[in-house]
There are 2 protein chains.
Amino acid sequence: MRKRQNCSLLGFAQHDHKRCVSAGLKVADVYCQKHKLRLTTVRRRTLSILLESHTALGAYDVLARLREEGLGSEPPVAYRALGFLLENGFIHRIERLNAYVACSHPGALHNPAFLICSDCRAVAESTVATTTGTLNRQARESGFQIEHTTIEAEGQCPSCQQANQ
Amino acid sequence: MRKRQNCSLLGFAQHDHKRCVSAGLKVADVYCQKHKLRLTTVRRRTLSILLESHTALGAYDVLARLREEGLGSEPPVAYRALGFLLENGFIHRIERLNAYVACSHPGALHNPAFLICSDCRAVAESTVATTTGTLNRQARESGFQIEHTTIEAEGQCPSCQQANQ
DNA sequence: CTTGTAGTGATATAACATAACATTTTTACG
DNA sequence: CGTAAAAATGTTATGTTATATCACTACAAG
């Protein structure tokens, strides 16, 4: 089996996770330099906290870690950093969990779909999120202008299925 | 133009809304009787509050109305009623808004998709919510067991588009 | 009529999020 | 450089959404 598994193909498979973290940070560094954005200490650390976890983390989980490191202790600190990272596509928000995950396909702007484990909060991201023809047709017919689509499938990941048997 | 517009075809079109309310309540009455469920005063009124509004209402909005009518004044009252109605498919939860809407196609169990106006919170429901082949394939391949899928498209409804020009 | 279950009342608190304003850091530019 | 404008952060307070827990009531089934 190959060792250098590619994060962008990652589902719930085992993989070399340190690579995800370093690759994700690098992409962000480059992107920010290119676009004259400031990936400050708090923002960069917030991203790395999410990258280190393949599960969705709540804003207050992130905040707790930032606090431990003296990088700000009040909610707005975490929410601002999360906001910046969201805006620039480095992380995504999981609506069903009110939580946040690092993007698995950083760099490209995309409208992702997610598989979310209701037990362990692990999240797999699919870049290809197109809605059904039916919904788009209904929107067109009724004159509704779609701006953003949320697609989140909740269920059990392979390990939790095993654990629950 | 026909007067007796069918609620199940409703998008953002004008329609005879009183019919939605009475029809929705009737379906719930019959369903509960058939399944030996108790559509109590609080539950029935909660449903009618949502039926009366074509926009999504927060739990605390619902609670405020219940309170006015002396039907319970504390959060758990509203959340329990909403929970019952959700379980039995009479209403749906809009994740992006942390809010609730009456089902537009009551009776049939279904996995709906929504068009949500970010301005006025109006919601149109589509019964047909199938995810993309890609997401399902990824789930199958990785051994993820999908239990529920959320599909919510956010944007502007026709009236808000006009209003914002 | 009594007993178990479902439903409700009530209090408290958890979890998630933002408004508002003061202060510091960075950048741009004369 | 120096300084003004802009961006980011610090801090306090509060708003919003949701649930745990325990006491009490209604009601249907035996």
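These numbers were taken from a predicted model, which means no experiment stands behind them.
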Rounded interatomic separation in angstrom, taking [atom1] from [X] and [atom2] from [N]:
X: A/Arg38; N: C/dT24; atom1: CZ; atom2: P; value: 16 Å
X: B/Leu97; N: D/dA18; atom1: CG; atom2: C1'; value: 16 Å
X: A/Asn98; N: C/dT18; atom1: CG; atom2: P; value: 10 Å
X: A/Leu57; N: C/dA15; atom1: CG; atom2: P; value: 15 Å
X: A/Leu39; N: C/dT26; atom1: CG; atom2: P; value: 14 Å
X: B/Glu74; N: D/dC24; atom1: CD; atom2: P; value: 17 Å
X: A/Ile94; N: C/dA17; atom1: CD1; atom2: P; value: 12 Å
X: A/Phe84; N: C/dT18; atom1: CZ; atom2: P; value: 18 Å

When all nucleic acid strands are considered with a 4.0 Å heavy-atom cut-off, which category describes A/Arg80: base, sugar-phosphate, or nothing? base
Please check if any side-chain donor atom of B/Arg43 sits under 3.5 Å from a side-chain acceptor atom of B/Thr46, or the reverse. no
Which nucleotide in [options] has an atom nearest any side-chain atom of [X]:
X: B/Val77; options: C/dG9, D/dT12, C/dC16; value: C/dG9
X: B/Pro75; options: D/dT12, D/dT19, C/dG7; value: D/dT19
X: B/Pro76; options: C/dT11, C/dA17, D/dT9; value: C/dT11
X: A/Tyr79; options: D/dT17, C/dA17, D/dT11; value: C/dA17

Below the 4.0 Å mark, does [N] have OP1 or OP2 next to a side-chain nitrogen or oxygen of [X]?
X: B/Thr40; N: C/dT8; result: yes
X: A/Arg43; N: D/dA8; result: yes
X: B/Arg93; N: D/dT17; result: no

Please determine whether the number of non-hydrogen atoms from other residues, nucleotides or ligands lying under 6.0 Å from atom CD of B/Gln33 exceeds 12. no
Between B/Ala59 and B/Lys36, who's closer to the 5' end of DNA chain D by nearest nucleotide? B/Ala59
Taking all non-hydrogen atoms of both residues into account, name the closest pair between B/Ile49 and B/Val62 and its distance. CD1-O, 4.2 Å
Hey, what's the ring geometry for B/Tyr31 with B/Phe90, parallel, tilted or perpendicular (30° and 60° as the breaks)? perpendicular
Is A/Gln162 close to A/Pro158 at the side-chain level, that is, under 4.5 Å between some pair of heavy atoms? no
